[in-house]
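Worksheet for the structure shown next.
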Amino acid sequence: MTESIEVDVLVIGSGIAGLQASLDVADQGFSVAIVEKSPSIGGKMISLSKVFPTLDCASCITTPRMASVSHHPRIQTFTYSVVEAIRRVNGSFVAAVTRRPRYIDEAACISCGHCEDACPVYVPDEFEVGLGTRKAISIPFTNAIPQFPVLDMQYCIRCGACARACPKECINFLQQPSPLEITAKAVILATGYETTPMTIKKQYGMGRFPNVISALAAERLLAPHGPYGRVLRPSDGKVPDSIAYVQCAGSRDSSIGVPYCSRVCCMYAIKQAILLSGSLPRADITIYYMDIRAFGKGYEQFYKFARDMDIHFIKAKVARITEDAAHDLILHIERQEGTSAPEEVKHDLVVLSQGIVPGCDVSRFSLDVPRNEFGFMGPANEHLSSSVTTTTGVFVAGAAKGPRDIPDSVIDASSAAVEAVNYIRSMASGARHECKC
Amino acid sequence: MNANVEGNVPGDVSGRQPKVAVYICHCGGNISDTVDVAAVAAAMAQYPGVAIAREYPFMCSSGGQDLILDDIAKLGVERVVVAACAPSLHELTFRGVLQRAGINPYLYEHVNIREQVSWVHKADHDGATAKAIRLVQAGVEKVLRQAPLSALHAPANRRVAVIGGGPAGLKAALCLAAKGHEAVIIEKAPWLGGKLRDLGKVFPTGAEASETLRKLEELVAAEKRITVHTRAEIDSISGFVGNFTITFNTPDGSSQVTAGAVIVATGFEHYRPHPGEFGYGQAAHVITLPELISLLKDSPPRRLEHHGKEIKSLAMIHCVGSRQVEGVHQPQADGKVNDYCSRVCCSAALYTINRLKDKYPHVRIYDIYRDIRSYGMQHEGYYERASKHGVLFFRHTETDQPIVESSERGHTVKVKDVLTWNEEMEMQVDLLVLVTGMMPSDTKRLTSQLKLSVGADRFLQEVHPKLRPVEMAIEGVFVAGAAQAPMDMTEAIAAGAAAAAKAAILLSEPEIPLKPFVAVVDESRCTGCGDCLAECSYQGTLVMAEVNGRTVAQVNPALCKGCGACVAVCPTRAINVAGWTLDQFEAMVEAIAKA
């Protein structure tokens, strides 16, 4: 039988926008259900190293938000669950959700980690962007919420070691997906973003050259509890001493269908460069850019700080990247200042400052929320509200609307929360609802 | 509030020592990779006053919390110490556990052995373990001397005062009214709308600003819970969360409103170039971008004119009044340069260029910039369109400023263009447009009376730029829109709604819970010397009052921030901050210093 629950607001996604929207709805006295496809709440932010321009440790400022959500009496969280479809019934939304099996009895699990210790199978760890390994059964990451292990059937060899190690006998190899029906008065879409896949930018060699890494991998290298505990390059574990950032790798590039600016890449590259200078004081760091877009509060000052730290900024377009026998990388660049002759520059680690694309194809929810040509959702009239969509009762928050940084996502989320609550109030009072507020 | 905060004798009235439980968190290796958590737990189990000491992989997890609940239920634990991450992360989590178990949530001490131990002593495991033990011992000494406290409550006025009637303020008022709150808009201008009034079409929708403003005004007018005061100058603002009083003067006289929360949406001013900055105010035909926007609003078709002169060419200079560099730019009145980026001017300039080119395709345009920051989803398209319109872009460095020579024939602009090998380019133009940035409106009266933080950039400084972007450090005060930082209208509208959300949450209950960590006066020890009053930075917190025929200091707990400045100067130890008493500090220092 399908489990079913009823809440005021359904929030899809639990990155920082989803977390904040849920808290702000619940703190106004309304009930929330969060559906998150990953095994933990926290989104991308929980995997970051530090945040610009404050250099706060990302996991230290995200964990309290995650903890508040998980302990909130009016918030229910469904992780490792996907929304299959949403239909409208008498003005409410009914979401069909599938709870994916973790192959453990969640009610009995005490998160002791014995299953993980016992498992003999090592696989690449997605949370560490492939830089480290995890077990075939593992708790997703140290500060994951909830702290349940997930058994990854793709890699499981059915040896039974985890089941024997579990003190609570809660491993269940035969667990099935279970359906859940959530009825809600309003929906907040906070489905976030993904970084631009570099398969569409093959000339940068990511995937082929081990020392060309993604921006999110660089975040993990720099995180206090990252895969190596220090900054090493993947090919040979060498401490890099010449690091390049390639800006607009998958943004402002019509040739790959991402002509827009991704807003955050300049700043995260500057932040990573500053952190790298801290952990590798002798390393040379160069940022190849088109324009430095340090437009947020305190960002220009942060950019200046980076220049004062002797991080090199070169206005140049990187055409392609090749590799030599030592896995060092040759960047084929054209400078856009000084000389404009093509040049070849060698670095031993390259970070691609990837852009941002939509995180989720929301069209399958059949909510009719208009999306722009790039797949991002938009508000009905952004001069009147940043989160009210043309679909009554559906609100949108965060990077699901387009690239944005953490403060902009948080502001957006609070905005979506107040709009959703006011919509529910107007429905209750029978007033005609316009997207006025 | 409990006045007996200095529990000299650990334990209850019978003198029996309370049962303390100590939990050492591994933080999934964050702590246990460096600190020998088992050794810490073993050491603590032997420590006087500790009934039980345990270690656990994640104390914050449900399993960890259940452990505490179990020990309280089964072992009769009465006070709890958790050694884990920073208290800012999980102190409230564990206080909540105590509350769920039915014991006073303040009989809890959180010891930080992650940021203060494991993360900073990675190379010295023994030293880290020894330090962790001492810090946990200090925590035990503190919790033994902890008196039960109860949260204070301030009655909350549900009305919200919104200072400023631009887009951010209007949006905040609309959202609050829809939530059932009365909102009072206090606007100094004779009309609503702020800077929106001066704009033509606005990006990214291309809607007429006047149309958007008309809609906002209609919505405000239709909302009976919103009161608008225009031509209103704030005279004074006082009070505290839940209970602010604002007096303001209008041409009709002085008025007063009371409110539970205040939203500051005082907006921005356009940067005014210094006299002579690129010829502004001295040479003819030098204008700012806002002036160009006004000019385009009612310019005739086919012929662009400025003060009777036909404009066939113009140059735009970006970053005038923004991204300034000391030693290159003339400082502002306060002696500081505007080192910040004004965020919206690049996109606004490009948007305006395209509108101009659509109307007057023959006007030649030169765009002189440092970085083009067209960050919004559609904004990159404005840049591309401007290029397609044939606008020529020149890029200069911060130290090589463009040089303008003006004569009756027009302006000669020289710029060292880094895009063409630092070549000095020279162009003749009829009109010079300075792309001016934003400065915050004058909020001196507000900031000084409410003690609001102001950043080095003179904009209002929020509590936390990442996760609490619309809250000010003074509880009950919120910020929305360009008073905080340069932003465009869409962003100001979002910020207005967000500030409304926070105010609505704050005022959702009839009373606002306040932290109990406030100064408490032991009247029997107070000699009425008044030293504490002189030291207190929060006006009205401490007063001298007559009690039983003696003059003693009294604290208004709603205003007190618990900073402890008064404690430090009191010659008779008559003042303590609840939860952080001198006795507790002394016992902690003793525990740490003890060999």
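The chains referred to below are lettered A, B, ... by the order of the sequence lines, with proteins before strands, and numbering in each begins at 1.
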Tell me the closest heavy-atom pair linking [X] and [Y], and the distance in Å.
| X | Y | result |
| --- | --- | --- |
| A/Pro259 | B/Glu380 | O-CG, 3.2 Å |
| B/Ser508 | A/Asp27 | OG-O, 3.8 Å |
| B/Gly376 | A/Arg263 | CA-NH1, 4.3 Å |

Checking heavy atoms, do the side chain of [X], its backbone, both or neither come under 4.5 Å from chain B?
| X | answer |
| --- | --- |
| A/Met45 | side chain |
| A/Cys57 | side chain |
| A/Arg65 | side chain |
| A/Asn372 | side chain |

> Quick one: of A/Ile292, A/Asn143, A/Ile406, who has the most non-hydrogen atom pairs under 4.5 Å with chain B?
Replying inline: A/Ile292
> Is chain A contacted by the side chain of B/Ser342, its backbone, both, or neither, given a heavy-atom distance below 4.5 Å?
Replying inline: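 Neither; nothing under 4.5 Å.
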>> Does any backbone or side-chain atom of B/Asp339 lie under 4.5 Å from a heavy atom of chain A? Answer side chain, backbone, both or neither.
In response: both
> Backbone N or O of A/Glu300 within a donor-acceptor pair of the B/Arg323 side chain at under 3.5 Å?
Replying inline: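 No.
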> Is a donor on one side and an acceptor on the other found under 3.5 Å between the side chain of A/Lys315 and the backbone of B/Leu419?
Replying inline: no
>> Salt bridge or not between B/Arg468 and A/Asp56? Use side-chain N to carboxylate O under 4.0 Å.
In response: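 The answer is no: the pair does not qualify as a salt bridge.
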> For residues A/His383 and B/Thr212, is any side-chain donor paired with an opposing acceptor at under 3.5 Å?
Replying inline: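 Absent: no donor and acceptor within the cut-off.
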